[in-house]
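Shown next, in structure tokens, is the structure this report addresses.
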Amino acid sequence: MTNNLINLLEEKTSFSKGVIQNILKLLDDGCTIPFIARYRKDLTSNATDEQLRDFEEIYNYSLKLLNRKEEIINILKERNFLDEKLLAHINSATTLQILEDIYAPFKDKKSSRTLSAIENGLEPLANIIQSMKYSLDEINQKAKQFINKEVTTIEDAISGANDIIAQRYADDFRTKEVIRNIVLNYGILETKRTKTFDENGVYVSVANVSEKIKYIKSHRFLAISRAVNEKELTVKIEVDENYILENIKKYKIPSSAESSKELVFQAYKDGLKRLLLPSLKREALSELKEKASSDAIILFGKNLKELLLTPPLVNQVILGMDPGYVSGCKLAVIDINGDYLASNVIYPTKPREDFTSSSKIVLELIKKYKINSIAIGNGTASQETAAFVAKLIEENKLDVKFAIVSEIGASVYSASKIAIQEYPNLDVTIRGAISIAQRLRDPMAALVKIDPKSLGIGQYQHDVNQKELNTKLENVTVDLVNKVGVDINSASYKLLSFISGISETMSKNIIAHKNKIKKFTSKKELLEVKGIGEKAYEQAVGFLRIKDGKSILDNTAIHPQNYDVVKNLQKNYKIEEIKDNQIEQISKELNCPPLLLKDIISELLKPGYDVRSEFDTIEFSKDIKTIEDLKEGFIISGVVRNITDFGAFVDIGLKNDGLIHISQISEKRISHPMDVLSINQQLKNIKVISIDLEKQRVGLSLR
């Protein structure tokens with residue numbers, strides 16, 4: 001099966017046979033995708049982690065396909081159904097769906113009418129009728145031979161035989177594929193209101209859908225599916241059955257056939273309407289849901305990737321503010337390593353508006369801990385809190401900057417097991433303020449502690465395949481964390497658990513060992529951690545960083561197995577003077593693959609480099625505190641917080657984000673909002689085009 005698998009992978013991927021064999025061997029050896037993508041480029045033709053993830057998915061599917069083929073062949077052999085023609089069809093099947101279509105006629109599962117007819121011995125009569133060689137009189141005469149205790153009349157015999165012919169028509173894999181394509185390409189999806197439909201609800205826009213299946217947008221179908229689940233809509237697929245029936249007459253019924261052809265046509269018609277179309281319509285709805293789910297998961301993954309790539313604010317002591325009205329604004333200070341220092345509560349907004357005491361507390365914290373930056377959560381009372389901070393900075397001429405950060409998921413984190421383990425003696429509200437501060441300092445390190453589904457960066461996340469969604473988000477997080485690298489001395493156990501080769505148990509052991517020795521000073525010390533063997537060390541060590549360690553190389557992505565290459569390289573060359581046209585020759589001298597050598601040189605030129613871009617702040621319109629302050633035509637600024645298929649949600653400093661519909665994103669026609677926008681993109685000159693005070697919705701435009 002190995003050769004068959006490799007041949008299949010060669011057909012379905014862009015990789016050569018040699019590269020496929022290399023990747024499979026690396027995976028069999030226990031290498032992770034991030035490790036292969038970073039340190040085995042020479043064996044994979046420089047495949048990215050995304051390409052390797054796609055390969056892994058195709059590999060798993062191909063393996064499943066080949067195993068199923070083998071299983072079906074064995075079953076058919078045992079039942080003496082397998083001939084060369086059938087074997088050829090099975091071997092040529094490229095999808096599980098086609099394979100199951102080929103196998104369908106041989107399954108025991110038939111309609112009750114078909115089974116009854118077969119048990120009553122009517123298959124020979126079905127063969128006679130389906131041959132279309134006899135007149136109706138001759139069919140009636142032959143049908144007499146099949147009358148018995150169960151089949152009492154000629155009509156019963158012919159009817160039972162036609163049930164068998166109908167099943168044969170519905171089971172024929174070529175017929176099924178033709179009708180399936182008609183359903184998918186020309187079928188119309190229609191929705192209808194139920195008695196419980198809410199005329200003022202959220203499903204009004206999908207209440208009267210009548211649209212070709214192939215043109216239905218994924219987000220619209222997910223909305224329809226949710227409405228169906230909530231019993232507000234019903235959905236059905238309509239197909240031009242007359243068109244199919246005309247084709248049956250044209251291609252399936254020979255014009256020269258005797259009059260039994262009318263019986264065959266009626267049987268085919270019955271097979272189409274009763275068996276095949278209902279099945280294919282259900283299948284089409286299932287495929288629509290699967291595609292919509294897959295599209296939503298891919299979009300969720302892209303949003304998460306951009307969110308995790310939000311640039312960090314390094315070497316800053318940060319004050320996190322979690323705004324509120326009655327309960328006050330919770331404060332938490334973290335140092336440059338993200339460690340918690342202090343907390344407090346102030347009341348600068350309604351109902352108290354205690355500016356004097358609030359100002360005094362914040363100024364004391366800034367002075368005592370030498371705070372450089374302030375992170376303000378974007379929820380309730382955010383704008384008023386931002387106005388208070390801006391005035392405080394201006395009046396006291398403070399060398400402090402502030403930014404509004406998304407607080408979505410902060411409450412989820414603050415009550416989580418991770419937060420309780422990290423800050424067991426702190427109130428849940430203070431943990432939320434710490435999370436807000438951490439998001440400014442190192443968004444990736446803070447956000448990996450929160451279930452991605454709680455980050456508000458997807459669409460219909462609870463309606464999609466949860467297993468596939470979790471796998472996608474896990475893979476995106478793993479790949480990004482490893483691409484960026486992790487400081488082993490400041491990382492949480494949760495962040496470390498995403499490192500290649502490191503399990504959650506190992507990550508907790510790393511934290512325990514660090515606390516014991518106070519600080520890692522060399523990557524070699526990782527081997528002293530309980531549970532970290534040679535293999536785990538090999539897979540993980542390149543993605544870990546040690547700042548101010550014994551070797552500057554330990555603060556790079558250069559793998560320790562290549563440190564000797566670095567020594568020889570530095571001995572013979574000035575790194576900054578090496579030209580691209582020298583790489584090939586130097587790689588031969590050092591017995592180091594060219595792609596790996598280029599990576600080593602890049603790391604030596606910028607030790608400690610972070611792939612995330614530099615931090616930039618956004619200023620909100622200071623005169624807009626509530627939706628009531630807005631007017632159509634206002635020009636405002638904001639930050640993109642979420643991207644969906646139908647538009648982008650933008651934080652404009654209010655409690656609820658505004659929506660830029662896809663039609664309002666660009667003067668030019670675009671296929672998706674991501675063609676123009678990205679998570680955390682800062683936008684200026686946004687025009688307010690609609691305000692719905694009742695639903696607290698704001699429509700925006702970039703046009």
Side-chain angles (χ1 to χ4, degrees), residues 76 79-90 98 100-183 239-280:
L76 294 176
R79 297 171 63 186
N80 294 317
F81 286 137
L82 193 67
D83 57 27
E84 287 186 12
K85 190 176 179 182
L86 183 56
L87 182 62
H89 285 313
I90 291 170
I98 293 172
E100 294 302 333
D101 284 350
I102 294 168
Y103 179 52
F106 305 97
K107 289 181 179 176
D108 292 330
K109 190 177 180 183
K110 306 281 184 190
S111 76
S112 57
R113 282 164 55 173
T114 307
L115 280 173
S116 178
I118 291 171
E119 288 167 0
N120 291 332
L122 295 174
E123 277 192 287
L125 180 59
N127 295 338
I128 292 168
I129 295 171
Q130 200 167 5
S131 71
M132 292 182 279
K133 292 178 181 177
Y134 305 96
S135 67
L136 280 177
D137 287 341
E138 289 172 311
I139 295 295
N140 286 336
Q141 287 300 317
K142 291 182 181 293
K144 288 180 182 177
Q145 303 169 27
F146 295 90
I147 292 175
N148 55 41
K149 188 170 64 174
E150 302 296 334
V151 183
T152 58
T153 66
I154 289 172
E155 289 75 16
D156 287 346
I158 292 173
S159 176
N162 280 350
D163 285 341
I164 294 172
I165 296 170
Q167 186 76 56
R168 288 173 178 173
Y169 172 83
D171 281 348
D172 181 71
F173 72 90
R174 297 178 196 83
T175 297
K176 195 176 283 187
E177 189 59 26
V178 169
I179 307 301
R180 177 183 286 121
N181 287 332
I182 290 172
V183 172
V239 177
D240 186 349
E241 293 179 6
N242 289 330
Y243 170 78
I244 300 172
L245 292 172
E246 286 302 315
N247 277 301
I248 289 175
K249 286 180 179 177
K250 188 174 180 180
Y251 298 110
K252 290 279 189 181
I253 310 293
S255 57
S256 60
E258 297 296 330
S259 53
S260 68
K261 69 182 182 183
E262 184 58 32
L263 288 176
V264 176
F265 174 71
Q266 290 302 324
Y268 285 176
K269 183 178 179 180
D270 177 47
L272 174 73
K273 291 191 165 193
R274 181 170 56 87
L275 301 172
L276 188 53
L277 275 179
S279 167
L280 291 178

For [X] and [Y], work out which heavy atoms get closest and say how close.
X	Y	answer
A117	G160	CB-O, 3.2 Å
G271	A170	O-CB, 4.0 Å
E138	K133	OE1-O, 4.4 Å
Q130	V264	CA-CG2, 3.9 Å
R274	D163	NH2-OD1, 3.8 Å
A126	I165	O-CD1, 3.7 Å

Check your understanding: Picking from R174, K176, H89, what satisfies side chain to side chain contact (heavy atoms under 4.5 Å, CB included) with D101?
Key ->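 It is K176, the one option of R174, K176, H89 that forms the side chain to side chain contact (heavy atoms under 4.5 Å, CB included) with D101.
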Any carboxylate oxygen within less than 4.0 angstrom of a Lys/Arg side-chain nitrogen, looking at [X] and [Y]?
X	Y	result
K269	E241	no
R113	D270	yes
K107	D171	no
E177	R180	yes
D83	K85	no

Please check: side-chain N/O of [X] versus main-chain N/O of [Y], any donor-acceptor pairing under 3.5 Å?
X	Y	answer
T153	D156	yes
S260	S135	no
N148	E150	yes
N247	Y243	yes
R79	F106	yes

Quick one: does [X]'s side chain get under 4.5 Å of [Y]'s, heavy atoms only?
X	Y	value
I244	V178	no
I164	N127	no
I253	Y268	yes
Y103	L76	yes
I90	L82	yes
I102	F173	yes
E262	Q266	yes

Point-to-point distance, once rounded to the nearest 0.5 Å, from [atom1] of [X] to [atom2] of [Y]:
X	Y	atom1	atom2	value
K144	N140	NZ	CG	8.0 Å
L263	S159	CG	OG	10.5 Å
L86	F81	CG	CZ	10.0 Å

Practice item. Evaluate the criterion side-chain contact (heavy atoms from CB on, under 4.5 Å) for residue pair L125 and F146; output intermediate values, then yes/no. Key: CA-CA 8 Å; L125 180 59; F146 295 90; 3.7 Å; yes
Exercise for review: Any chance you could lay out the side-chain contact (heavy atoms from CB on, under 4.5 Å) test for V239 and I179, step after step, and finish with the verdict?
Suggested key: CA-CA 10 Å; V239 177; I179 307 301; over 6 Å; no
**Study point:** K252 NZ/CZ over F265 ring centroid, <6.0 Å and within 45° of normal
**Key:**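 No; the conditions do not both hold, so K252 does not lie above the ring face of F265.
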